[in-house]
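Letters A, B, ... are given to chains in the order of the sequence lines, protein chains preceding strands, and every chain is numbered from 1. Computed from a predicted structure; not experimentally measured.
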Number of protein chains: 2
Amino acid sequence: MNDADQYSIRDLADEFDITTRTIRFYEDKGLMQPARDGQRRVYSKGDRARLKLILRGKRLGFSLDEITQLVSLYETPEDTVPQLEQYLETLRNHRSLLEKQRADIERTLTDLARAEEECRQALTTTLNGQS
Amino acid sequence: MNDADQYSIRDLADEFDITTRTIRFYEDKGLMQPARDGQRRVYSKGDRARLKLILRGKRLGFSLDEITQLVSLYETPEDTVPQLEQYLETLRNHRSLLEKQRADIERTLTDLARAEEECRQALTTTLNGQS
DNA sequence: GTTTTCGTTTACGTTAACGTCAACCATGTG
DNA sequence: CACATGGTTGACGTTAACGTAAACGAAAAC
């Protein structure tokens, strides 16, 4: 079951270092809909990519509800003009949110860099025996 | 009570669009220790800055426990060599974590840009009447 | 002077995101 | 065939991060 675009639930759990419970939970929440071989879940490459997206969203601090939105963004929307425009709107919102978050990170990194510098200064001073 | 580096709990709650309950909760967790005027909490400029840091951490998806670490990083550590080295270590860990997170954001932004492009293509195609 | 307006403590309620456990197939291995 | 292995569906437990409500104190407004 390891070749040909097919993954068991354990394959994915091990690869991404999460529990099978977590994966089933995501399915409960409607985030994934793997195929079945009889009773067992069978995951395709697309399912795997989708899970990857979900976990990326988690790392970025999004809730599962938000991730539901985010993930559905990557599926091609319907072809009517109002739907496309709605879709574009949602895309823009998510982008601006992420850009704010990136700015937050930049600020924090700057702060950390300053703290590191001060710390190194203190270390050399201390090592030189100056009280 | 609005001038001279003094803020009431409501001032801060309104400014940062959170509830007073949240601020008191952070205090319970040891994240803040405002002064008191009799029974009432009085927040200094430093307290306000600290709260700002906490909220930034939240936006970045950190837990309050992690934020406790992060915030304490900005206070000058003790001056013994092992403590300074421990401090530097923690700083580096946080930095690498944030850098990973930034990379995640870049990837997601790229994906979003592609989705936006496809969407705009679809829009012009649809507007041109091509089925 | 009393009645709003803020604030305080205490305590129980709630939601998201899983963990944990039980009871039950299915299957392949000795 | 027995049984160990891996998966499945409930169902209840747990933790973090607050929400909400009660019961009270103080001070500011009418």
Go through the structure and list residues passing side chain to side chain donor-acceptor pair (under 3.5 Å) with [X], not counting sequence neighbours.
X: A:Asp47; answer: A:Ser44
X: A:Thr80; answer: A:Gln83
X: B:Gln86; answer: B:Thr90
X: A:Arg21; answer: none

- Note on the structure: Distance col, row A:Thr68:OG1 vs A:Leu64:CG, nearest 0.5 angstrom, shows 6.5 Å
- Task: Respond yes when some side-chain nitrogen or oxygen of A:Thr22 is under 4.0 Å from OP1 or OP2 of C:dG19, and no when none is.
- Result: yes
- Task: Kindly say if A:Lys58 contacts the phosphate of C:dC18, meaning a side-chain N or O under 4.0 Å from OP1 or OP2.
- Result: yes
- Angle by which the axis turns from one end of the helix from C:dG1-D:dC30 to C:dG30-D:dC1 to the other, five pairs per end, to 10 degrees: 10°
Would you kindly give the [atom1]-to-[atom2] distance between [X] and [N], to the nearest whole Å?
X: A:Asp37; N: D:dG6; atom1: CG; atom2: C1'; value: 13 Å
X: A:Leu12; N: D:dG7; atom1: CG; atom2: P; value: 11 Å
X: A:Tyr26; N: C:dA16; atom1: OH; atom2: C1'; value: 11 Å
X: A:Asp28; N: C:dC18; atom1: CG; atom2: P; value: 12 Å

- Item | Along DNA chain D (nearest heavy atom to each residue), the more 5'-positioned of B:Lys29 and B:Arg21 | B:Lys29
- Query: What string of B, S and - do you get for nucleotides 4-9 of chain C, 5' to 3', when a contact is any protein heavy atom under 4.0 Å?
  - Reply: --BSBB
Mind checking side-chain contact (heavy atoms from CB on, under 4.5 Å) for [X] and listing every partner two or more places apart, or none if nothing turns up?
X: B:Gln39; value: none
X: A:Arg95; value: A:Arg92, A:Glu99, B:Leu109, B:Leu112, B:Glu116
X: A:Ala115; value: B:Tyr87, B:Leu91
X: A:Thr110; value: none

- Check every atom of D:dA17, C:dA11, C:dC18 against the side chain of B:Phe25 and return the nucleotide holding the closest atom. D:dA17
Tell me which donor-acceptor pairs under 3.5 Å the side chains of residues 24-33 of chain A have, and how far apart each pair is, sequence neighbours excluded?
unit_1	atom_1	unit_2	atom_2	d
A:Glu27	OE1	A:Arg41	NE	2.6
A:Glu27	OE2	A:Arg36	NH2	3.3

- Among residues 60-68 of chain A, which contact DNA chain D at a heavy-atom distance under 4.0 Å? none
- Task: Ignoring hydrogens and angles, state whether a donor on the side chain of B:Arg56 or A:Thr108 is under 3.5 Å from an acceptor on the partner side chain.
- Result: yes
